[in-house]
Number of protein chains: 2
Amino acid sequence: MTGSEKKAPRVSASKVETAASEERPEKRLFYEYLRRKGLKRTAQRDLILETFLESEKHITSEELYRKVRERDPTVGFTTVYRTLKLLTECGIARSMQLGDRYTHYERGFDEQHHDHLICIECGGVTEFFSQQLENIQAEVVRRHGFQMVDHSLRIWGICRECQRKRGSWR
Amino acid sequence: MTGSEKKAPRVSASKVETAASEERPEKRLFYEYLRRKGLKRTAQRDLILETFLESEKHITSEELYRKVRERDPTVGFTTVYRTLKLLTECGIARSMQLGDRYTHYERGFDEQHHDHLICIECGGVTEFFSQQLENIQAEVVRRHGFQMVDHSLRIWGICRECQRKRGSWR
DNA sequence: CTGGCTGCAAAGCATTTGCATGACA
DNA sequence: TGTCATGCAAATGCTTTGCAGCCAG
């Protein structure tokens, strides 16, 4: 998984690249969020956001930390952790529990809501979306007088691939 | 919550009450499970199971531990924890994450599958079941060639009661 | 008797925080 | 120039395990 990615050129941590900051809408959103909260834009936060945006769909704080350190080994885990929290607060990241002991994060800004199929054999995660499912959930919530803030549907099982492998073992 | 329950009479920990063991199907199931696995029936396991069956719908290992200790203060947390694991393995209990840092357990034997509405204000949990939801999930799973083992839908939001309270604050 | 069970204490481990130093605005 | 950010180390807190003595079968 990690082996196939292109090694990004080493980035200077002490220089904020303003030119590149407009590429992705998440960046504008993040800087705006920092401004509103009276927080500061730093090279570390820039690097962490950028790395997060370039990562695979689902990532743990530990994994993101490792990727960030490939570019700047001086960044600490604490900063990655705290930045991930900021990103979650402003909607750029979304956190979730997939059943292992880690908190996983996925990009949450440019993506519509979706649910997850988790393979308990290989750990693979497949996303899916069903408008029908959403509609029924909304209906359930309405019936209970609930004001929905978030929802999460996770389905664990054996993916097609792993079923095939299993079959050939016996 | 805990205040309203009836204080159960102190049970001798050194005596297994065989007569009471048939009351609940879960008990037979548990003893059968222990036998199959070559494990032993003990007074602690009996007490823990019984206490679990008499508890509220959703309980943490810590809460169960406290309840067990009301009846027998000599029981250790480790034993409660390990017994809860056994109960989960044989289907009498079901474990779940509600969003706080605790693992919650609910009775999983005599209950049909259901999903949860979790109030982020008061922490209350409401169960619901929708056959439509189940059907669509089954359809999604089938379409992906997945073999479903478990699934969990959690909806977070503000319950009716808390919305009312909120409204009257402002 | 013997292997499983118990309870204590301690370890694991992801997450979170305290604090002195350093950087942004 | 002051406030916020950083990174190290340490604390947290739920969970899990090692181990010596105990008990069911």
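Nothing here was measured: the structure is a model prediction, and the numbers come from that model. The chains referred to below are lettered A, B, ... by the order of the sequence lines, with proteins before strands, and numbering in each begins at 1. Values below: all heavy atoms of this structure, side chains included; hydrogens, waters and symmetry mates excluded.
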In whole angstrom, give the distance that lies between atom [atom1] of [X] and atom [atom2] of [N].
X	N	atom1	atom2	value
R41(B)	dC23(D)	CZ	C1'	15 Å
L64(A)	dT15(C)	CG	P	12 Å
I48(A)	dG7(D)	CD1	C1'	11 Å
D72(B)	dC5(C)	CG	P	18 Å
L84(B)	dC14(D)	CG	P	15 Å
R82(B)	dC19(D)	CZ	C1'	11 Å
D46(B)	dC5(C)	CG	P	13 Å
R101(A)	dC14(D)	CZ	C1'	10 Å

dT15(D) phosphate, OP1 or OP2, under 4.0 Å from T103(B) side-chain N/O: yes

Given DNA chain D, 5'-ward residue of the pair K85(B) and F77(A), judged by closest heavy atom: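 Looking at DNA chain D, the more 5' nearest nucleotide goes with F77(A).
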
Side-chain donor-acceptor contact under 3.5 Å, Q97(B) with T103(B): yes

Stepwise salt bridge (Lys or Arg N to Asp or Glu O under 4.0 Å) check, E50(B) with K27(B): CA-CA 8 Å; E50(B) 196 157 324; K27(B) 297 192 178 179; 3.1 Å; yes

With the threshold set at 4.0 Å, does a side-chain nitrogen-carboxylate oxygen contact exist between [X] and [Y]?
X	Y	answer
E26(A)	R107(A)	no
E139(B)	R143(B)	yes
D46(B)	R41(B)	yes

Pairing residues for H104(A) by the ring pair (Phe, Tyr, Trp, His ring centres under 6.0 Å) criterion, not counting sequence neighbours: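 Expected list: none.
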
Under 3.5 Å, which N/O atoms of the protein pair with N/O atoms of nucleotides 1-5 of chain D?
{"residue": "dT3(D)", "atom": "O2", "partner": "K40(A)", "partner atom": "NZ", "Å": "2.4"}
{"residue": "dC4(D)", "atom": "O4'", "partner": "K40(A)", "partner atom": "NZ", "Å": "3.3"}
{"residue": "dA5(D)", "atom": "OP1", "partner": "K40(A)", "partner atom": "N", "Å": "3.4"}
{"residue": "dA5(D)", "atom": "OP1", "partner": "R45(A)", "partner atom": "NH1", "Å": "2.6"}
{"residue": "dA5(D)", "atom": "OP1", "partner": "R45(A)", "partner atom": "NH2", "Å": "2.9"}

Donor-acceptor pair present, S61(B) side chain and dC14(D) base, under 3.5 Å: no

Sugar-phosphate, base or nothing in reach of T60(A), heavy atoms under 4.0 Å: nothing

Under 3.5 Å: donor-acceptor pair, side chain of E63(A), backbone of T60(A): yes

